[in-house]
Enquirer: 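Mind having a look at this structure? Questions to follow.
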Amino acid sequence: MTEARVKLEPSWKEKVGSYLDRPDMLALSEFLRTELRNGKVIFPPPKTIFAALDATPFDAVKVVILGQDPYHGPGQAHGLCFSVQLGVPIPPSLRNMYVELQRDIGFVPPRHGCLTHWAEQGVLLLNAVLTVEQAMANSHQGKGWEGFTDAVVDALNRDREGLVFMLWGSYAQTKGKLIDTRRHLVLKAPHPSPLSAHRGFIGCGHFSAANDYLVRHGKTPVDWTL
C-alpha cells in the first residue's frame with residue numbers, strides 16, 4: 001500500500017499520503033492482498049476503502065464522527081462509518097442515531113441509511129479501522145489501520161481550528177486523546193448501539209451542540225436532513 005498506488009483525494013494525499021509508505025502500512029497491504037487471494041471476502045469493496053476521505057476533503061471537514069470498523073454484512077459497508085447503501089436495511093446503531101436526531105432537532109427519519117449527504121457537507125465519517133472480513137467483526141483490528149487513522153485525526157487537530165469531534169463509546173474516546181480541546185469541540189457519549197444507546201447516547205444533544213459551535217465559529221451549520 002504505497003502512496004503512489006493508492007488513489008487518495010489530493011488534499012488528504014498531501015496531509016497523510018506519506019504515511020502509506022511506512023513498513024506497517026506495506027505489511028497491511030500485503031495482508032489484505034493475501035486474504036483476497038485466499039478467497040476471503042473483505043468489506044468495503046477495495047475501491048471504497050478510502051471513501052470517507054474522498055467524500056470530505058481536508059479543508060472541507062467541519063465535524064468528525066469516529067466509528068470503529070466497517071459493517072461486516074454483504075452490501076452494507078461503503079466506506080463511510082455508520083452509513084449503508086440505499087436499499088440496505090438501516091442498522092441498529094444508525095436507527096438510534098436517528099432517534100436522537102429526532103429528539104434533538106426534530107429530524108424526520110428517512111427510510112434509508114445512506115449518510116453521503118452529511119459527508120458532502122463536511123462531516124467526516126471515519127472508521128478507526130477501514131476494512132473487515134465478512135461476518136467477522138473487528139477482524140482487522142491491530143493490522144495497522146489504527147495508525148493511519150490516528151494520522152488523519154492528528155492532521156485535523158494540528159492544521160485545522162474549530163472542528164467538532166463526536167466520540168461515541170470508549171473506543172472512539174481513546175482515539176480522542178490526540179485532540180486539543182482548547183482548539184476544537186470534543187463531544188463524548190456512549191455508543192449508539194442497542195447495548196448502550198439508552199445509557200446516555202439518547203439525550204446527548206450532540207447534533208444541535210455541533211451546529212451551535214459551528215455557527216459561533218463563523219461556519220455553516222450541518223443540514224442533518226437525509
Enquirer: Could you work out, with salt bridge (charged side-chain N to carboxylate O under 4.0 Å, His left out) as the rule, every residue matching D150, not counting sequence neighbours?
Expert: K175
Enquirer: Using 30° and 60° as the class boundaries, would you call the ring planes of F201 and F207 parallel, tilted or perpendicular?
Expert: perpendicular
Enquirer: With sequence neighbours excluded, tell me which residues meet ring pair (Phe, Tyr, Trp, His ring centres under 6.0 Å) with H217.
Expert: Y213
Enquirer: Could you tell me which residues satisfy side-chain hydrogen bond (donor to acceptor under 3.5 Å, both in side chains) with S196, sequence neighbours excluded, listed by chain and number?
Expert: S193
Enquirer: With R160, which residues qualify under side-chain hydrogen bond (donor to acceptor under 3.5 Å, both in side chains), at least two apart?
Expert: none
Enquirer: Test your reading of the model: is there a side-chain donor-acceptor pair from D223 to the backbone of T225, 3.5 Å cut-off?
Expert: yes
Enquirer: For the pair K143 and E30, find out whether any cationic side-chain nitrogen is under 4.0 Å from an anionic carboxylate oxygen.
Expert: no
Enquirer: So which residues get pulled into F43's cluster when ILVMFWY side chains under 4.5 Å apart are joined, directly or through others?
Expert: V41, V132
Enquirer: Quick one: salt bridge (charged side-chain N to carboxylate O under 4.0 Å, His left out) partners of R103, sequence neighbours excluded?
Expert: E100
Enquirer: For N157, does its backbone N or O pair with a side-chain atom of R183 as donor and acceptor, under 3.5 Å?
Expert: yes
Enquirer: Which atom names give the shortest non-hydrogen contact between A77 and P45, and what distance separates them?
Expert: O-CD, 3.8 Å
Enquirer: With sequence neighbours left out, which residue pairs that include part of residues 80-99 fulfil the side-chain hydrogen bond (donor to acceptor under 3.5 Å, both in side chains) condition?
Expert: H78-S83
Enquirer: For the pair W12 (side chain) and G17 (backbone), establish whether a donor and an acceptor sit closer than 3.5 Å, ignoring hydrogens and angles.
Expert: no
Enquirer: In chain order, what residues pass the salt bridge (charged side-chain N to carboxylate O under 4.0 Å, His left out) check against D180, with sequence neighbours excluded?
Expert: R182
Enquirer: Looking at L167, is its backbone amide N or carbonyl O close enough to the side chain of Q173 to form a donor-acceptor pair, meaning the two atoms are under 3.5 Å apart?
Expert: yes
Enquirer: Please tell me whether N138 and Q141 have a donor and an acceptor in their side chains that are separated by less than 3.5 angstrom.
Expert: yes
Enquirer: For the rings on Y19 and W145, is their centre-to-centre separation under 6.0 Å?
Expert: no
Enquirer: Scan side-chain atoms only and decide if S11 and E9 contain a donor-acceptor pair under the 3.5 Å cut-off.
Expert: yes
Enquirer: Are L178 and L53 co-members of a hydrophobic cluster defined by side-chain heavy atoms under 4.5 Å apart?
Expert: yes
Enquirer: So, applying ring pair (Phe, Tyr, Trp, His ring centres under 6.0 Å) with W118, which one of F107, F82, W224 is it?
Expert: W224
Enquirer: Run the ring pair (Phe, Tyr, Trp, His ring centres under 6.0 Å) test against H184 and tell me which residues pass, sequence neighbours left out.
Expert: F165
Enquirer: Between the side chains of W168 and H206, does any donor sit under 3.5 Å from an acceptor?
Expert: yes
Enquirer: Measure across V88 and Q76 and return the closest heavy-atom pair with its distance rounded to 0.1 Å.
Expert: CG1-CG, 4.0 Å
Enquirer: Are L66 and C81 side-chain neighbours, meaning at least one heavy-atom pair lies under 4.5 Å?
Expert: no
Enquirer: About how many Å separate CE of M136 and CD1 of I42, when rounded to the nearest 0.5 Å?
Expert: 11.5 Å
Enquirer: Determine the minimum heavy-atom distance between L126 and V153, stating which atoms define it.
Expert: CD2-CG2, 4.3 Å
Enquirer: So which atom in L130 and which in P44 form the shortest heavy-atom distance, rounded to 0.1 Å?
Expert: O-CD, 3.2 Å
Enquirer: Among pairs that include at least one residue of residues 45-71, which meet side-chain hydrogen bond (donor to acceptor under 3.5 Å, both in side chains), considering only residues two or more places apart or in two chains?
Expert: none
Enquirer: Is it true that a side-chain atom of D104 and a backbone atom of S208 form a donor plus acceptor pair closer than 3.5 Å?
Expert: yes
Enquirer: For R111, what residues pass the side-chain contact (heavy atoms from CB on, under 4.5 Å) criterion, not counting sequence neighbours?
Expert: none
Enquirer: Under 3.5 Å, side chain of R199 to main-chain N/O of L195, donor-acceptor pair present?
Expert: yes
Enquirer: Of all residues at least two apart in sequence or in a different chain, which pass the side-chain contact (heavy atoms from CB on, under 4.5 Å) check with A155?
Expert: K15, V16, F58, R158
